[in-house]
Amino acid sequence: MFRGLMDWNSHYIDGLVRRALEEDVGTGDATTAAVVPPRASARAHIFARQTLVCAGLPIVEKVFGALDPEVEITLPHNDGSFVEPGAEIVQIKGNARAILTGERTALNFLSHLCGIATLTRRFVEQLADTKTRVRDTRKTTPGLRALEKYAVKAGGGANHRFGLYDAILLKENHIAMAGGIKAALDKAHTYVSPKARPPRAASAYDAAGLDPEVAGPGPLPVQIEVRDQEELVEALGAGAEALLLDNMTPERAAECIQTARRIRAECLIEISGGITLDNARAYAEIGADFLSSGMLTQSAPALNLSLLVESIEET
């Protein structure tokens, strides 16, 4: 069972829900106010209209709870669950007006997060029986990064760094401004050197975003982007322990991985750029530790969910 680390009672979640409702409700839900008695109660459920992986189910309670503190929410499934079309994923009992007013906001959150989890699961399935894992990037919707990365985990993927603050990733422009690969690595290693080294098991950035008491203390990991074998050899010679192979074909990447493993067998190797469902398997079979894809959060389609009112009762 997926057990993601998300504080659904945090200020972050409360703020997201509040702003989403303010945006949609504004001065009031005119349609619902016109036709639904203020004290009516109702039962409703949210169901899947397509096969999907659940993600973000607890946020539904936050949406409807903001409108009706007495609402009763039942979740027949957990985040990370795979469900078929027609499956009920949320059951709601509460004020009828609140249910209709919160409907679209709840569905917007769920359809987006389930979309990310479902696309991630498809990548995970493509990588089955290999050692390679798929992980996300910083290509996220502003303000929704933590939720979107949570959805990636719900789908079985891994998280890359959460932001610019929890890992060093030396890319083309950083390297140019630093004066080259060796200079960039030397400066990065000097920057993180006062801290103790992390255990090897904390592969790359998979602990990013966890609370300090969960992730534990340690230096910022350092990874460097390379574009060919020449840069790869230079980076390893300068002490690189984690490489990002950028925009390479599977054939070129395979050559680079063979070279890297020969020079430093334990180095972490990630491949990024142009990773799709069609080619992910080919990249995994050449021995990469990670594939990273902005598609997971940037291009996942919103999935088809509906809320249906079952009964209404005036009180």
Side-chain angles (χ1 to χ4, degrees), residues 1-8 10 12-13 16 48 50-60 77-83 89 108-128 130-167 169 202-211 214-215 221 223 242 244 268 270-281 283-284 288-303 305:
M1 181 189 302
F2 166 69
R3 298 184 186 278
L5 186 73
M6 175 64 72
D7 182 0
W8 297 103
S10 66
Y12 167 72
I13 295 295
L16 283 179
Q50 64 185 102
T51 301
L52 57 82
V53 175
C54 296
L57 293 174
I59 205 168
V60 173
H77 300 278
N78 298 305
D79 281 349
S81 297
F82 183 86
V83 301
I89 61 174
N108 284 349
F109 277 121
L110 277 186
S111 62
H112 178 55
L113 297 176
C114 290
I116 292 172
T118 302
L119 178 59
T120 301
R121 181 67 58 83
R122 293 182 66 192
F123 271 94
V124 170
E125 290 170 350
Q126 286 293 96
L127 306 182
T130 74
K131 72 170 188 176
T132 306
R133 297 186 68 193
V134 66
R135 61 183 179 186
D136 50 32
T137 70
R138 285 168 43 241
K139 295 178 181 177
T140 55
T141 307
L144 297 182
R145 179 169 294 174
L147 271 182
E148 291 177 346
K149 284 180 171 285
Y150 170 87
V152 168
K153 296 283 279 188
N159 292 150
H160 207 286
R161 56 180 180 167
F162 259 63
L164 297 172
Y165 54 86
D166 59 357
L169 175 53
S203 55
Y205 312 135
D206 215 14
L210 299 184
D211 293 332
V214 178
Q223 184 178 29
L244 174 64
L268 291 171
E270 175 182 4
I271 302 176
S272 183
I275 305 297
T276 68
L277 285 169
D278 291 333
N279 63 26
R281 183 78 189 187
Y283 282 109
D289 296 298
F290 292 100
L291 306 181
S292 58
S293 176
M295 281 185 63
L296 300 182
T297 52
Q298 194 176 51
S299 303
L303 299 191
L305 301 165

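- Between D79 and M6 there is no side-chain heavy-atom pair separated by less than 4.5 Å.
- Under 4.0 Å is where a charged nitrogen must lie from a carboxylate oxygen, and between K131 and D289 at least one such pair does.
- No more than 12 heavy atoms of other residues, nucleotides or ligands lie within 6.0 Å of CZ in R122, so this atom counts as exposed by the packing criterion.
- Under a 3.5 Å cut-off, the side chain of R133 and the backbone N or O of L127 do not form any donor-acceptor pair.
- Shortest non-hydrogen contact noted between E270 and S292 is OE2-OG, 2.6 Å.
- Here the closest heavy-atom approach between residue V152 and residue T120 is recorded as O-CG2, 3.4 Å.
- Two residues are said to be in side-chain contact when any heavy atoms from C-beta on lie closer than 4.5 Å; L268 and Q223 fail this criterion.
- Closest approach of C54 to A154, counting heavy atoms only: O-CB, 4.0 Å.
- T118 places a side-chain N or O within donor-acceptor distance of the main-chain N or O of V53, the cut-off being under 3.5 Å.
- Taking all atoms of both residues into account, the shortest heavy-atom contact from S272 to L244 is CB-CD1, 3.5 Å.
- Residue D136 forms a side-chain hydrogen bond (donor to acceptor under 3.5 Å, both in side chains) with just one option from R145, K149, H160, and that option is K149.
- For the atom pair OG1 of T276 and CD of Q126, the computed distance is 9.0 Å after rounding to the nearest 0.5 Å.
- Counting heavy atoms from C-beta on, the side chains of V134 and V124 come closer than 4.5 Å.
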Item checked: Candidate pair I275 and M295, rule side-chain contact (heavy atoms from CB on, under 4.5 Å), full reasoning -> CA-CA 8 Å; I275 305 297; M295 281 185 63; over 6 Å; no

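- When every heavy atom of A158 is checked against every heavy atom of F290, the shortest pair comes out as CB-CE2, 4.4 Å.
- Taking 4.5 Å as the limit, every side-chain heavy atom of L291 sits out of range of all side-chain heavy atoms of F123.
- The CD1 atom of I59 lies 4.0 Å from the CZ atom of F109; values are rounded to the nearest 0.5 Å.
- Using modelled atom types, one side-chain atom of E148 and one backbone atom of T141 make a donor-acceptor pair closer than 3.5 Å.
- Residue D7 holds its CG atom at 8.0 Å from CD1 of I13, rounded to the nearest 0.5 Å.
- Here the CZ-OG1 distance, from R138 to T297, works out to 11.5 Å after rounding to the nearest 0.5 Å.
- Side-chain contact between L277 and L119: present, with at least one pair of heavy atoms (C-beta onward) separated by less than 4.5 Å.
- With Y12 contributing its side chain and G143 its backbone, the two residues share a donor-acceptor pair below 3.5 Å.
- Taking both residues in full, the closest heavy atoms of L305 and I89 are given as CD2-CD1, 3.9 Å, listed atom of the first, atom of the second, then distance.
- Residue Y150 holds its OH atom at 12.5 Å from CD1 of I116, rounded to the nearest 0.5 Å.
- Side chains of T137 and L296 form no contact here, defined as non-hydrogen atoms less than 4.5 Å apart.
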